[in-house]
A.B. asks: 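I am attaching a structure below and will ask some questions about it afterwards.
Computed from heavy atoms alone, side chains included, the values below leave out hydrogens, waters and symmetry copies. In this chain, numbering begins with 1 at the start of the sequence shown.
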Amino acid sequence: MEHVHYEDESSRYLCIGGVEKVLCLLATWVEDPNSEAYKRHLARIPDYLWLAEDGMKMQSFGCQLWDAAFSVQAILSSNLVEEYGSTLQKAHNFLKASQVQDNPPGNFSKMYRHASKGSWTFSMQDHGWQVSDCTAEGLKASLLLSQIRPELVGEKIEAERLYDAVNVILSLQVLIELIIVLKYKIPSECCFLIVILLSVNKENIAGFILG
């Protein structure tokens, strides 16, 4: 239960996804159906529910950051910045609000977690689980918006927060390189090229590491 409670608290009771959400909710109910942890789990159930024309469904908790980052890039590439200024400002505010500001609490390595400060998740800051490509797209969108006058899209994100995002991306790259070195005994100076080649087809990375 130590790991269950850690995941609950570090993800603000969203958990990493729908399956784990249900498992953690049931675990806290079995432990104590009157506990504060169980009540907090119940409060986050609506994040997963969607009422469609054919009834209630359970979905992912969302892909807000992913959609916002690509929407920003699409608008900026269309030369319609002036027409969509208010939309870009709202997206800019969301990008700044959704960046993860802290690492997971306590000794997160013991809990099989990685540093997350400066990252972006697939959805929003509450989730807390850093995603490499979401961080990259959030960083790219933030950099693009920083080049537009603030009167139109709002104040640019602080440089320190951009540095934090870069640190997360590089730390995840180093983690992959370390696995390659340890498992395949490949010289470390070759790892960077391997990571670049694998990044052309991201689906191959997990197979390469686990195969």
A.B. asks: Strictly below 4.0 Å, N to O, side chains only: are R113 and E7 in salt-bridge contact?
C.D. replies: yes
A.B. asks: Can you list the steps and then say if Q125 with Q99 is a side chain to side chain contact (heavy atoms under 4.5 Å, CB included)?
C.D. replies: CA-CA 6 Å; Q125 184 180 163; Q99 187 182 22; over 6 Å; no
A.B. asks: If you define the side chain from C-beta out and look only at heavy atoms, does anything of L152 sit under 4.5 Å from R149?
C.D. replies: yes
A.B. asks: On a heavy-atom basis, which atom in S142 and which in L162 lie closest, and how many Å separate them?
C.D. replies: CB-CD2, 4.1 Å
A.B. asks: Is it the case that the side chain of Y48 and the backbone of L14 share a donor-acceptor pair, with hydrogens and angles ignored and the cut-off at 3.5 Å?
C.D. replies: yes
A.B. asks: If hydrophobic clusters are built by linking Ile, Leu, Val, Met, Phe, Trp and Tyr wherever their side-chain heavy atoms come under 4.5 Å apart, do Y38 and L49 end up in the same one?
C.D. replies: yes
A.B. asks: Should we count CZ of F122 as having more than 12 external heavy atoms under 6.0 Å?
C.D. replies: yes
A.B. asks: Please name all residues satisfying salt bridge (Lys or Arg N to Asp or Glu O under 4.0 Å) with E151, sequence neighbours left out, ordered by chain then number.
C.D. replies: none
A.B. asks: Mind listing the closest non-hydrogen atom pair of L95 and A141 along with its distance?
C.D. replies: CD1-CB, 3.8 Å
A.B. asks: Is any side-chain heavy atom of H41 closer than 4.5 Å to one of C15?
C.D. replies: yes
A.B. asks: Going by heavy atoms in the side chains, are L25 and I45 under 4.5 Å from each other?
C.D. replies: yes
A.B. asks: Any chance you could measure I148, atom CD1, to Q89, atom CD, to the nearest 0.5 Å?
C.D. replies: 11.5 Å
A.B. asks: Restricting to ring pair (Phe, Tyr, Trp, His ring centres under 6.0 Å), what partner residues turn up for F70, sequence neighbours left out?
C.D. replies: W66
A.B. asks: Out of the candidates T121, D126, N93, L65, only one should pair with S98 under the side-chain contact (heavy atoms from CB on, under 4.5 Å) rule; please name it.
C.D. replies: L65
A.B. asks: Does a side-chain heavy-atom distance below 4.5 Å link V4 with E31?
C.D. replies: no
A.B. asks: Hey, is R161 close enough to E158 for a salt bridge, meaning N to O under 4.0 Å?
C.D. replies: yes
A.B. asks: Which heavy atom in W120 sits nearest to a heavy atom in G138, and how many Å separate them?
C.D. replies: CZ3-C, 3.7 Å
A.B. asks: Can you name the nearest heavy-atom pair linking H92 to K156, along with the distance?
C.D. replies: CE1-CA, 3.8 Å
A.B. asks: What closest approach, in Å, do V168 and G118 show between heavy atoms, and which atom pair accounts for it?
C.D. replies: CG2-C, 4.3 Å
A.B. asks: Whether K21 and D47 form a salt bridge (side-chain N of Lys/Arg under 4.0 Å from carboxylate O of Asp/Glu) is what I want to check.
C.D. replies: no
A.B. asks: Compare all side-chain heavy atoms of N103 with those of K117 and state whether any distance is below 4.5 angstrom.
C.D. replies: yes
A.B. asks: Do W50 and M56 touch side chain to side chain, with heavy atoms closer than 4.5 Å?
C.D. replies: no
A.B. asks: Quick one: pull up OG in S10 and CZ in F108 and give me the separation to the nearest 0.5 Å.
C.D. replies: 11.5 Å
A.B. asks: Please say yes or no: joined through hydrophobic side-chain contacts below 4.5 Å, possibly via intermediate residues, are I157 and L139 part of one cluster?
C.D. replies: yes
A.B. asks: Restricting to non-hydrogen atoms, name the atom on R44 and the atom on R12 that form the minimum distance, rounded to 0.1 Å.
C.D. replies: NH1-O, 3.2 Å
A.B. asks: Is it the case that more than 12 heavy atoms not belonging to K96 sit under 6.0 Å from its NZ atom?
C.D. replies: yes
A.B. asks: Report, as yes or no, whether the 6.0 Å neighbourhood of atom NZ on K57 holds more than 12 heavy atoms from other residues, nucleotides or ligands.
C.D. replies: yes
A.B. asks: Going by the rule salt bridge (Lys or Arg N to Asp or Glu O under 4.0 Å), which residues pair with E36 if we only count those two or more places apart in sequence or in a different chain?
C.D. replies: R40
A.B. asks: Under a 3.5 Å distance rule, please check whether E20 uses its side chain to pair with a backbone N or O of I16 as donor and acceptor.
C.D. replies: yes
